Amino acid sequence: MAYAPGQMMIATPIGTVRIDGDGRVLTGIRIGGTGPVASRDALLNEAAAQLSAYFAGELTHFDLPLAEPESDRGPALRAAICAIGYGETATYGALAERTGASARAIGQACASNSFPILVPCHRVLSAGGALGHYSAGDGPATKVWLLKHENAEGWLI
């Protein structure tokens, strides 16, 4: 059975968020962009509902099917990032130790993350709690907003 790609937009406190899917899995989340504001796709509507609940402070864990990472190490690195709980943070180095990868590989996994917010790379910090890089939305300003929203501790501006 062929699945048609779809997308929809939702308004959030960090700007519009575009949700992309193929009917089976989500294929991307983009902070910003354009697209339709409604969809008949049940998965896109469920993703919109979960994201809205997150921004309303009513959801701390997402349960959505995501397209698989393309690299061999991608699933393990994504799982390590997803294991950082709501309101928690971890450093690139700590994730590297947990996964047996390098801190650079963790950074690359965060930079290529197709699912910001859902795969919470905003919770990954540089050594000593420095904010580090964030490429989604308005970059570091978006990362700060998300960390404050989650009442996360351990980070420095």
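No experiment lies behind these values; they were computed from the predicted model shown.
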Would you tabulate the side-chain donor-acceptor contacts of residues 63-81 under 3.5 Å, counting partners in other chains and residues two or more places apart, or write 'none'?
unit_1	atom_1	unit_2	atom_2	d
Ser71	OG	Gly74	N	2.9
Arg78	NH1	Ala67	O	3.0
Arg78	NH2	Ala67	O	3.0

### Query
Is any side-chain heavy atom of His122 less than 4.5 Å from a side-chain heavy atom of Leu147?
yes
### Query
Any side-chain heavy-atom pair from Asp22 and Leu43 closer than 4.5 angstrom?
no
### Task
Please name the pair of heavy atoms, one in Ser52 and one in Ile10, separated by the smallest distance, quoted to 0.1 Å.
OG-CD1, 4.2 Å
### Single-linkage hydrophobic cluster Leu131~Leu95, side-chain heavy atoms < 4.5 angstrom
no
## Note on the structure
Heavy-atom closest pair (Thr34 atom, Met9 atom, distance to 0.1 Å) is C-SD, 3.6 Å
### Message
Can you give me the closest heavy-atom contact between Trp145 and Pro13, atom names plus distance?
### Response
CZ2-CB, 3.4 Å
### Message
Distance check, rounded to the nearest 0.5 Å: Asn113 atom CG versus Gln108 atom CD?
### Response
13.5 Å
### Message
Test of understanding: clusters of I, L, V, M, F, W, Y form through side-chain heavy atoms closer than 4.5 Å, transitively. Do Phe115 and Ile19 belong to the same one?
### Response
yes
### Query
Which is it for Ile106 and Thr91 under the side chain to side chain contact (heavy atoms under 4.5 Å, CB included) test, yes or no, and what are the steps along the way?
CA-CA 9 Å; Ile106 298 296; Thr91 64; over 6 Å; no
### Query
Once you round to the nearest 0.5 Å, how far does CG of Asp20 lie from CD1 of Ile29?
7.5 Å
### Query
Any sub-3.5 Å donor-acceptor pair from Asp41's side-chain atoms to Gly6's backbone N or O?
no
### Query
For the side chain of Thr89 and the backbone of Glu153, is there at least one donor-acceptor N/O pair under 3.5 Å apart?
yes
### Query
Between Tyr86 and His149, how do the two ring planes meet: parallel, tilted or perpendicular, split at 30° and 60°?
perpendicular
### Validation row: Leu146, Arg123 side chains within 4.5 angstrom (heavy atoms)
no
### Query
Between Ser39 and Leu44, which heavy-atom pair has the shortest distance, and what is it?
OG-CD1, 3.5 Å
### Message
Please evaluate residues Arg30 and Gln7 with respect to the criterion side chain to side chain contact (heavy atoms under 4.5 Å, CB included), reporting the C-alpha separation (whole Å), side-chain torsions for both, the decisive distance (0.1 Å), and the verdict.
### Response
CA-CA 10 Å; Arg30 307 285 182 274; Gln7 62 181 218; over 6 Å; no
### Query
Side chains of Pro116 and Tyr134: does their closest heavy-atom pair fall under 4.5 Å?
yes
### Task
Measure from the side-chain N and O atoms of His133 to the backbone N and O of Cys110, and report whether any donor-acceptor pair falls under 3.5 Å.
no
### Query
Between the side chain of Lys143 and the main-chain N/O of Val124, is any donor-acceptor distance below 3.5 Å?
yes
### Query
For Trp155 and Val144, which heavy atoms make the closest approach, and how far apart are they?
CH2-CG1, 3.8 Å
### Task
Check the pair Thr12 / Ile117 against side chain to side chain contact (heavy atoms under 4.5 Å, CB included), numbers first and verdict last.
CA-CA 12 Å; Thr12 75; Ile117 306 166; over 6 Å; no
### Task
Indicate if Ile14 and Phe62 have the same hydrophobic cluster label, given that clusters are the connected sets of ILVMFWY residues with side-chain heavy-atom separations under 4.5 angstrom.
yes
### Task
Could you go through the side chain to side chain contact (heavy atoms under 4.5 Å, CB included) check for Asn45 and Met8 one step at a time?
CA-CA 8 Å; Asn45 284 305; Met8 70 181 290; 3.8 Å; yes
